[in-house]
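Structure first, commentary second.
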Amino acid sequence: MGVLIAVEGLDGAGKHTLVTGLVNRWATQGYRVQTLTFPRYSESVTADIAAEALHGEHGDLRSSVHAMAILFALDRRDAAEYLRKLLAANDAVILDRYVASNAAYSAARLGQDADGEVVQWVTTLEFSRFGLPVPDHHLLLDVPTDVAIGRAKSRAELDASRLRDHYERDHELQERTGLVYRALAEMGWMSPWSRLGTEADPELADRLIAI
Ligand SMILES: Nc1ncnc2c1ncn2[C@@H]1O[C@H](COP(=O)(O)OP(=O)(O)O)[C@@H](O)[C@H]1O
Ligand SMILES: Cc1cn([C@H]2C[C@H](O)[C@@H](COP(=O)(O)OP(=O)(O)O)O2)c(=O)[nH]c1=O
């Protein structure tokens, strides 16, 4: 059974870049590595509805933090069997966002801390009720909020509506989400966490795949 690694962080923190770098590194070392990104846009109806709600559609759905969290969780539940197959057939599976995203963003949206009600609720829903595999390790890309927002903006600069709806209004939410992520890392929520600055630490990366 392969090792399951979840990469977490704010939008624009560099998760996709890190995941791509890890896959390339390990592939050249001869490991079999697969990635899975959440939300699974265009493959999952619930992920698409959640994204559309985040960008202002579906009435006031976005105002229900628990309803949004259930949509993201259903996307993962639908992918659980595929994820287990990937784990069985590979040395490692790297997840670009996973359950901790739901925990951190839901807590931030509700103004709760990492030890608050909604983190426990998400944990029970996804791991206990939906039976999702628990990551062996979490990697938190811990970059300052302004850096993450700046990178996300430059990546999305051609899409003005998305910028307006998603990033500029959300500085405070991102700041709070970062705090919850750091607290989850400190408490070692569900598995050991490593906090990275802007770059992957090659030695840490190699230790992870050797678990
Ligand atoms: N270490 C880094 N230093 C500078 N820019 C980076 C770094 N990592 C990623 N970026 C850039 O920041 C933007 C967001 O990175 P991305 O990996 O897409 O973030 P995420 O997946 O967390 O949203 C991209 O344009 C990417 O090229
Ligand atoms: C996967 C996931 C994401 N999210 C949040 C994080 C992001 O703010 C948003 C969408 O994630 P993402 O696709 O990474 O960002 P973007 O829409 O900018 O491409 O959803 C949750 O609240 N719960 C989850 O389970």
Side-chain angles (χ1 to χ4, degrees), residues 6-24 35-44 46-57 61-80 83 94-110 112 118-119 121-123 125-127 130 132 135 138-159 161-178 180-181 184 196-201:
V7 175
E8 293 285 351
L10 302 181
D11 193 39
K15 296 179 297 299
H16 177 74
T17 308
L18 173 65
V19 165
T20 309
L22 287 176
V23 169
N24 290 340
T35 64
L36 201 50
T37 300
F38 292 104
R40 293 179 307 140
Y41 293 133
S42 14
E43 286 176 63
S44 151
T46 60
D48 286 347
I49 292 174
E52 288 154 14
L54 281 177
H55 293 88
E57 294 177 45
L61 174 59
R62 177 165 65 169
S63 66
S64 170
V65 173
H66 288 79
M68 291 293 289
I70 289 172
L71 289 175
F72 286 119
L74 285 171
D75 171 30
R76 275 182 289 276
R77 190 192 61 166
D78 290 347
L83 176 54
I94 313 178
L95 304 168
D96 184 339
R97 289 199 186 278
Y98 194 50
V99 182
S101 285
N102 229 5
Y105 281 86
S106 299
R109 288 184 183 116
L110 289 168
Q112 294 182 15
V118 80
V119 169
W121 180 83
V122 165
T123 307
L125 176 72
E126 302 215 35
F127 292 120
F130 288 178
L132 285 157
H138 282 87
L139 292 176
L140 174 60
L141 265 174
D142 191 5
V143 304
T145 306
D146 287 336
V147 173
I149 288 177
R151 287 182 190 167
K153 274 184 177 171
S154 43
R155 188 188 51 193
E157 61 193 354
L158 294 177
D159 188 344
S161 63
R162 186 176 146 170
L163 268 182
R164 193 179 58 246
D165 286 348
H166 198 48
Y167 301 116
E168 288 178 351
R169 287 209 306 246
D170 270 359
H171 188 281
E172 206 188 315
L173 171 70
Q174 303 295 336
E175 193 81 32
R176 284 202 304 269
T177 306
V180 180
Y181 266 136
L184 291 172
L196 303 174
T198 49
E199 304 291 346
D201 168 355

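Numbers here simply count residues along the sequence, with the first being 1. Ligands are counted one by one from 1 in listed order, and the atoms in each one are counted from 1 as well. All values below come from the heavy atoms of this structure, side chains included, with hydrogens, waters and symmetry mates left out.
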Taking both backbone and side-chain atoms of [X], is any N or O found less than 3.5 Å from an N or O belonging to ligand 2?
X: R109; answer: yes
X: Y105; answer: no
X: R155; answer: no
X: H55; answer: no

(request) Mark the output for L10 as yes if a heavy-atom distance to ligand 1 is under 4.0 Å, and as no if none is. (result) yes

Consider every N or O of [X] and every N or O of ligand 1, then say whether any pair is closer than 3.5 Å.
X: G12; result: yes
X: D96; result: no
X: A13; result: yes

(request) Indicate, as side chain, backbone, both or neither, the part of V99 found under 4.0 angstrom from ligand 2 when only non-hydrogen atoms are considered. (result) neither

(message) Heavy atoms only, cut-off 4.0 Å: how does R76 contact ligand 2, side chain, backbone, both, or neither?
(response) side chain

Could you check whether any side-chain N or O of [X] sits under 3.5 Å from a backbone N or O of [Y], counting only pairs where one atom can act as donor and the other as acceptor?
X: R77; Y: E126; value: no
X: K15; Y: G9; value: yes
X: D75; Y: T46; value: no

(message) Show the atoms of ligand 1 that are less than 4.0 angstrom away from any heavy atom in H16.
(response)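 Counting atoms of ligand 1 from 1, those under 4.0 Å from H16 are 17 (O), 18 (O), 20 (P), 21 (O).
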
(message) I'd like to check Y98 versus P135 (side-chain heavy atoms, cut-off strictly below 4.5 Å). Are they in contact?
(response)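 Side chain of Y98 against side chain of P135, heavy atoms only: contact under 4.5 Å found.
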
(request) Work out whether the distance between some heavy atom of A51 and some atom of ligand 2 is less than 4.0 Å. (result)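 Heavy atoms of A51 never come under 4.0 Å of ligand 2.
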
(request) Using side chain to side chain contact (heavy atoms under 4.5 Å, CB included) as the criterion, point out the one residue from I70, N102, L110 that pairs with V65. (result)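 That would be L110.
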
